[in-house]
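What follows is a short report on a single structure.
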Number of protein chains: 2
Amino acid sequence: MLLLKELPNSKSLAKLLERYPDADIDAISVFVNLLRASSDLSAALDGLLAKHSLLQGRWWVLVLLMRQDDLTSTPTDLAEKAGVTKATMTGFIDGLEREGLVVRLPDAADRRKYLIRLTRAGQKKIDEITPDYCSKVQALMSCLTHERRNAMLDALKDLSANIGAME
Amino acid sequence: MLLLKELPNSKSLAKLLERYPDADIDAISVFVNLLRASSDLSAALDGLLAKHSLLQGRWWVLVLLMRQDDLTSTPTDLAEKAGVTKATMTGFIDGLEREGLVVRLPDAADRRKYLIRLTRAGQKKIDEITPDYCSKVQALMSCLTHERRNAMLDALKDLSANIGAME
DNA sequence: TGCATAAAGTAAGGAGCCTAACTATAATTT
DNA sequence: AAATTATAGTTAGGCTCCTTACTTTATGCA
């Protein structure tokens with residue numbers, strides 16, 4: 001994702017208001033800062049995963065599989081849960097299978113389907129990354145008190161619920 | 001960007017804690033929700049811009065140019081402010097120039113340089129999009145009071161400042 | 001049963017963004 | 001002044017993710 005390093009300062013905001021008097025500076029400021037901050041966070045996550053030779057897409061797939069009781073799911077289910085298209089999921093699974101972290105198993109009941117299962121190597125990879133992931137995220141969030149975290153969480157959920165207002 | 005639609009529920013978080021007792025559920029929850037929400041916001045912005053046949057990267061370039069007093073800047077400067085590489089900026093400028101929204105002008109003083117200037121058509125495009133952009137962002141943010149917006153803004157800035165903790 | 005429709009997964013091609021390497025010009029060193 | 005180094009911008013090629021179109025298999029309806 002792309003994001004402005006140079007967020008609007010007061011001068012450029014003044015200029016904006018001059019040309020568009022109805023602009024809600026507050027709202028725009030939160031919006032842009034949110035995109036900007038999460039872009040940085042995403043990049044930091046990329047960096048963390050790269051140290052373990054993984055990428056975000058594949059990482060989320062491993063996480064989703066680990067959540068399943070039998071460590072197994074289907075491409076379509078994984079795609080829906082991950083929020084990507086089935087075609088994109090095919091690519092993730094290809095990569096993970098190539099590295100031996102998951103396997104494709106044919107479904108006996110429906111010959112169109114495959115079952116994707118986390119392998120032992122896949123579980124090992126998760127065990128290798130998760131402590132690092134947890135401690136880094138914790139370090140990042142340590143600058144916020146629990147109250148502030150909760151307030152942010154609530155606000156994020158409200159925004160997500162209101163996303164339709166932008167369409 | 002990719003993001004989990006299916007955020008961790010209490011059951012899977014319990015499973016996580018079982019395997020990694022040190023995990024800070026709170027911190028992870030905020031982190032994941034932040035990535036998730038802004039991914040949705042970014043997609044919504046893409047949608048809004050698409051209606052005006054623009055893309056995020058090019059849009060930010062137009063915005064940056066409009067902030068300049070003389071509506072002019074250089075590729076390197078734009079790349080730094082937008083947070084992309086110079087190579088990526090070349091692509092944005094190519095696109096914008098093709099549509100007549102900016103022009104490349106040689107710099108008389110330094111023949112390696114080009115000056116990128118917003119054209120009248122570029123300004124018109126901004127004038128066409130900005131009211132829509134402002135009203136949609138305002139509608140989105142209307143679910144948060146000013147107090148909550150400010151709290152969020154502060155929290156985002158603190159997180160951005162603390163991003164080094166993840167590296 | 002036979003035919004249309006839906007669903008699972010894949011393939012092909014495109015756009016954005018990156019890194020690395022390159023060209024042309026300017027600045028610095030000696 | 002000559003040679004080295006740095007800077008502006010571009011090109012080439014890669015990766016991720018998307019959309020669209022396709023193949024194969026299952027399901028619903030007459």
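Residue numbers start from 1 in every chain, and the chains themselves are labelled A, B, ... in the order their sequence lines are given, proteins ahead of strands.
The ring-ring contact (aromatic ring centres under 6.0 Å, His included) check on A:Tyr133 picks up A:Trp59, with sequence neighbours excluded. Considering only residues two or more places apart in sequence or on other chains, A:Ala161 meets the side-chain contact (heavy atoms from CB on, under 4.5 Å) condition with none of them. Taking B:Thr72 as the reference, B:Asp70, B:Leu115, B:Arg117 meet the side-chain contact (heavy atoms from CB on, under 4.5 Å) condition, with sequence neighbours excluded.
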Grab the N/O contacts between the protein and nucleotides 10-12 of chain C below 3.5 Å, and write none if there aren't any.
from   : atom 1 : to       : atom 2 : distance (Å)
C:dT10 : OP1    : A:Arg104 : NE     : 3.0
C:dT10 : OP1    : A:Arg104 : NH2    : 3.3
C:dT10 : OP2    : A:Thr90  : OG1    : 3.1

Anything under 3.5 Å between a protein N or O and an N or O of nucleotides 2-6 of chain D, put it in a table, one pair a line.
none

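Separating the CG atom of A:Leu105 from the P atom of C:dA8 is a distance of 18 Å, rounded to the nearest angstrom. Look at NZ on B:Lys113: it is 11 Å from P on C:dA26, rounded to the nearest Å. Per the geometry, CZ belonging to B:Phe92 stands 13 Å off P belonging to D:dT10, to the nearest Å. The interatomic distance linking A:Leu78 (CG) with C:dA8 (C1') rounds to 13 Å, in whole Å. A:Asp46 places its CG atom 11 Å from the P atom of C:dC18, with the value rounded to the nearest Å. B:Arg111 places its CZ atom 11 Å from the C1' atom of C:dA26, with the value rounded to the nearest Å. The nearest whole Å value for the distance from the CD atom in B:Glu97 to the C1' atom in D:dG9 is 13 Å. Rounded to a whole Å, the CG atom of B:Leu96 is 14 Å from the C1' atom of C:dG16.
A:Thr76 comes within 4.0 angstrom of the backbone, heavy atoms only, and of no base.
The side chain to side chain donor-acceptor pair (under 3.5 Å) analysis of residues 97-107 of chain A, with sequence neighbours excluded, yields the pairs A:Arg58-A:Glu99, A:Asp94-A:Arg104, A:Glu97-A:Arg104. Every pair passing side chain to side chain donor-acceptor pair (under 3.5 Å) that includes a residue from residues 134-145 of chain A is listed here, sequence neighbours excluded: A:Asp132-A:Lys136.
Taking Ile, Leu, Val, Met, Phe, Trp and Tyr as members and joining any whose side-chain heavy atoms lie under 4.5 Å apart, directly or through other members, B:Leu55 forms no hydrophobic cluster with any other residue.
For A:Asp110 and A:Leu55, each mapped to the nucleotide of DNA chain D holding its nearest heavy atom, the one lying further toward the 5' end belongs to A:Leu55.
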Identify every side-chain donor-acceptor pair in residues 149-158 of chain B under 3.5 Å, counting partners at least two apart or on other chains, and give the distances.
from     : atom 1 : to       : atom 2 : distance (Å)
B:Arg149 : NE     : B:Leu144 : O      : 3.2
B:Arg149 : NH1    : A:Asp24  : OD2    : 3.4
B:Arg149 : NH2    : B:Met141 : O      : 3.1
B:Asn150 : ND2    : B:His146 : O      : 3.3
B:Asp158 : OD2    : A:Arg148 : NH1    : 2.9
B:Asp158 : OD2    : A:Arg148 : NH2    : 2.8

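Nearest heavy atom pair, residue B:Pro131 against residue A:Tyr20, reads CD-CE2, 4.4 Å. Scanning all heavy atoms of the two residues, the minimum distance from B:Thr119 to B:Gly100 falls at OG1-O, 2.7 Å.
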